[in-house]
Trainee: 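First, the structure itself, so that you have it in front of you.
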Amino acid sequence: TSTAADLSISVGAAGQTVTVTSLVGVVAAIFTPIVTSRFDRRLVLWALISLLAGSSILTALANGYAMLLAARFLLGLSLGGFWSMAPALSLRLVPVKSVPRALAIISAGVSAAFIGGGPLGAYLDSLIGWRMVFALSAGLAGVALLVLMATMPSLPSQTAPKLGTLAVLLSRPSVRLMLISVLIIISGQFTGFTYIRPFLEQVPQLGVAAITSVLLGYGVGNVIGNFAGGAVAARGVKLAIVSFALAVAALALVMTLFGASPIVAGIAVAAWGFAFGFAPVGFQSWMVRIAADHAEAANRRLTAAFLVAI
């Protein structure tokens, strides 16, 4: 909201920066592994993290809407490319017996970002402004890049990804059903989630400190939901996904009808975070079960579907 006010655009227009990032991310998720197939994967990851830093710097310096959208274009390249490759590359960094732990550490990093990123960004925005928040984001990306450069071994390209694999996967009814489910359910999730902060400002009329606390509740709920979602997915991946979808639908309705109450809004947002914890583990587990023979390509399709939905 502060970005919209500073650039004299509507909150809805500012929200479209999420759309631009995701649309570009879709293309990047599908084509980055193919276009860069001849390069050492380590160099590709370094380049993608550099794009993240560059995007944050450009965002911090944005003097108008067009420049802001250009910065988010770069973020989409980084986001889609990185997440289409990183989980699969982690399998080459550890022994087979340590793969589950490696993936759990990656998930823990994402969860920690959910806990810290939203509330910390909202709080720092009130102290130093949104431009400095993005400048700090660029600094964090720079630290991550230095760590990767110092620690990541060479990862020469192996089998070149092929577009033909997409046709193979899409020929399977179970894969098509899963991707359609992602498009519908995650679209609903982010249609609401993108505008939680404006909702909290305008309906229950919460201040910055209260919004920070509510977003922290969302993050904590999300971490707990990851573990709970894993337990539910072990009994049935579709059960985890349906539970998430129904919960978000119910919580959005509760906020629409009773969200003027700060207590109701706060509890609903925390519960929303808990429910969303079911989604990644549910969809990833579903994809692994139906496309284990094309795991890397399937992960790219799943990433692209999530970004299309967003």
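Fair warning: this is a prediction, and the values are worked out from it, not measured in the lab.
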Trainee: Report whether L206 and L120 are members of the same hydrophobic cluster (ILVMFWY, side-chain heavy atoms less than 4.5 Å apart, transitive linking).
Mentor: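 Hydrophobic grouping puts L206 apart from L120.
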Trainee: Please answer: with hydrophobic residues joined when any side-chain heavy atoms are less than 4.5 Å apart, are F244 and F227 in the same cluster?
Mentor: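 F244 clusters together with F227.
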Trainee: Can you measure from CD (E201) to CD1 (I211) and round to the nearest 0.5 angstrom?
Mentor: 4.5 Å
Trainee: Per the side-chain hydrogen bond (donor to acceptor under 3.5 Å, both in side chains) rule, what does the pair list look like for residues 181-192, sequence neighbours excluded?
Mentor: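 Applying side-chain hydrogen bond (donor to acceptor under 3.5 Å, both in side chains) to every pair that reaches into residues 181-192, excluding sequence neighbours, yields Q189-Y218, Q189-W272.
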Trainee: Which distance, rounded to the nearest 0.5 Å, do you find between the OG1 of T21 and the CZ of F73?
Mentor: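 Spacing of OG1 (T21) from CZ (F73) equals 10.5 Å.
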Trainee: Run the side-chain contact (heavy atoms from CB on, under 4.5 Å) check on I128 and L136 step by step: do they pass?
Mentor: CA-CA 11 Å; I128 58 178; L136 290 175; 3.9 Å; yes
Trainee: Can you give me the closest heavy-atom contact between P198 and T1, atom names plus distance?
Mentor: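 It is CG-CG2, 3.8 Å.
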Trainee: Could you give the distance from CG (L140) to CZ (F134), rounded to the nearest 0.5 Å?
Mentor: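 Going from CG on L140 over to CZ on F134, the span is 12.5 Å.
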Trainee: To the nearest 0.5 Å, tell me how far L251 CG sits from T256 OG1.
Mentor: 10.5 Å
Trainee: Under a 3.5 Å distance rule, please check whether R172 uses its side chain to pair with a backbone N or O of I290 as donor and acceptor.
Mentor: yes
Trainee: Drop me the distance from L200's CG to M255's CE, to the nearest 0.5 angstrom.
Mentor: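 If I round to the nearest 0.5 Å, the distance is 5.5 Å.
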Trainee: For a 4.5 angstrom cut-off between non-hydrogen side-chain atoms, does S243 reach L239?
Mentor: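 Side-chain contact under 4.5 Å: yes.
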Trainee: Could you tell me whether L257 atom CG has more than 12 heavy atoms of other residues or ligands within 6.0 Å of it?
Mentor: yes
Trainee: Does M178 form a side-chain contact (heavy atoms from CB on, under 4.5 Å) with I241? I'd like the steps, not just the answer.
Mentor: CA-CA 10 Å; M178 192 276 299; I241 293 166; 5.9 Å; no
Trainee: Counting C-beta onward and ignoring hydrogens, is there a side-chain heavy-atom pair between L79 and L307 closer than 4.5 Å?
Mentor: yes
Trainee: Taking only residues two or more places apart in sequence, or in another chain, which ones meet F82 in a ring-ring contact (aromatic ring centres under 6.0 Å, His included)?
Mentor: none
Trainee: Taking all non-hydrogen atoms of both residues, which atom of D125 and which atom of S2 are closest, and how far apart?
Mentor: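 What the structure gives for the nearest pair is OD2-OG, 2.8 Å.
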Trainee: Walk me through it: do F276 and V248 pass the test side-chain contact (heavy atoms from CB on, under 4.5 Å)?
Mentor: CA-CA 8 Å; F276 184 53; V248 169; 5.7 Å; no
Trainee: Would you say S78's side chain and L48's backbone share a donor-acceptor pair under 3.5 angstrom?
Mentor: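 At least one qualifying donor-acceptor pair exists.
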Trainee: Would you call the rings of W286 and F283 parallel, tilted or perpendicular, where under 30° means parallel and over 60° means perpendicular?
Mentor: parallel
Trainee: Is the number of heavy atoms from other residues, nucleotides or ligands under 6.0 Å of Y123 OH greater than 12?
Mentor: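 No, OH of Y123 has 12 or fewer neighbouring heavy atoms, counting only those of other groups under 6.0 Å.
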Trainee: Take atom CZ of F190 as the centre, draw a 6.0 Å sphere, and report whether it contains more than 12 heavy atoms from other residues, nucleotides or ligands.
Mentor: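 Result for CZ/F190: enclosed.
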Trainee: Give the cluster check for F193 versus V18: same hydrophobic cluster or not, with ILVMFWY residues linked at side-chain heavy-atom distances below 4.5 Å.
Mentor: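 Yes, it is one cluster - the side chains of F193 and V18 are joined through contacts under 4.5 Å.
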Trainee: Check step by step if side-chain contact (heavy atoms from CB on, under 4.5 Å) holds for L124 and M132.
Mentor: CA-CA 8 Å; L124 291 176; M132 283 302 298; over 6 Å; no
Trainee: Nearest 0.5 Å, what's the CE-CG distance between M152 and L43?
Mentor: 10.5 Å
Trainee: Are V26 and I185 co-members of a hydrophobic cluster defined by side-chain heavy atoms under 4.5 Å apart?
Mentor: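 Yes, it is one cluster - the side chains of I185 and V26 are joined through contacts under 4.5 Å.
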Trainee: How close do A305 and L183 get, heavy atom to heavy atom, and via which atoms?
Mentor: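 The pair with the smallest heavy-atom distance is O-CD2, 3.6 Å.
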Trainee: Could you check whether any side-chain N or O of S55 sits under 3.5 Å from a backbone N or O of L51, counting only pairs where one atom can act as donor and the other as acceptor?
Mentor: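 No; zero donor-acceptor contacts below 3.5 Å.
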Trainee: Which pair of heavy atoms, one from T32 and one from T36, lies closest together, and at what distance?
Mentor: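 Shortest heavy-atom separation between T32 and T36 comes out as O-OG1, 2.6 Å.
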Trainee: Do T59 side-chain atoms and L68 backbone N/O form a donor-acceptor pair below 3.5 Å?
Mentor: no
Trainee: Looking at every heavy atom in both G80 and T303, which two are closest together, and how far apart are they?
Mentor: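 Answer, listing the atom of G80 first, then T303: O-CG2, 4.4 Å.
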Trainee: Return the minimal non-hydrogen interatomic distance between G64 and L7, and the atom names on each side.
Mentor: N-CD2, 4.1 Å
Trainee: Check whether any side-chain heavy atom of Q16 lies under 4.5 Å from a side-chain heavy atom of Y65, and answer yes or no.
Mentor: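 They are in side-chain contact.
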Trainee: Is the backbone of A209 close enough, under 3.5 Å, to the side chain of S213 for a donor and an acceptor to pair up by distance?
Mentor: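 Yes, S213 side chain to A209 backbone: donor-acceptor pair under 3.5 Å.
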Trainee: Taking T19's backbone N and O only, do any of them form a donor-acceptor pair with S22's side chain (distance below 3.5 Å, no angle check)?
Mentor: no
Trainee: Quick one: does any side-chain atom of D40 pair with a main-chain N or O of L155 as donor and acceptor, under 3.5 Å?
Mentor: yes
Trainee: Do I57 and L75 sit in one hydrophobic cluster, given that two such residues count as connected whenever their side-chain heavy atoms are within less than 4.5 Å of each other, even indirectly?
Mentor: no
Trainee: My understanding is that only residues two or more places apart in sequence, or in another chain, count here; which of them pass salt bridge (Lys or Arg N to Asp or Glu O under 4.0 Å) with R131?
Mentor: D6
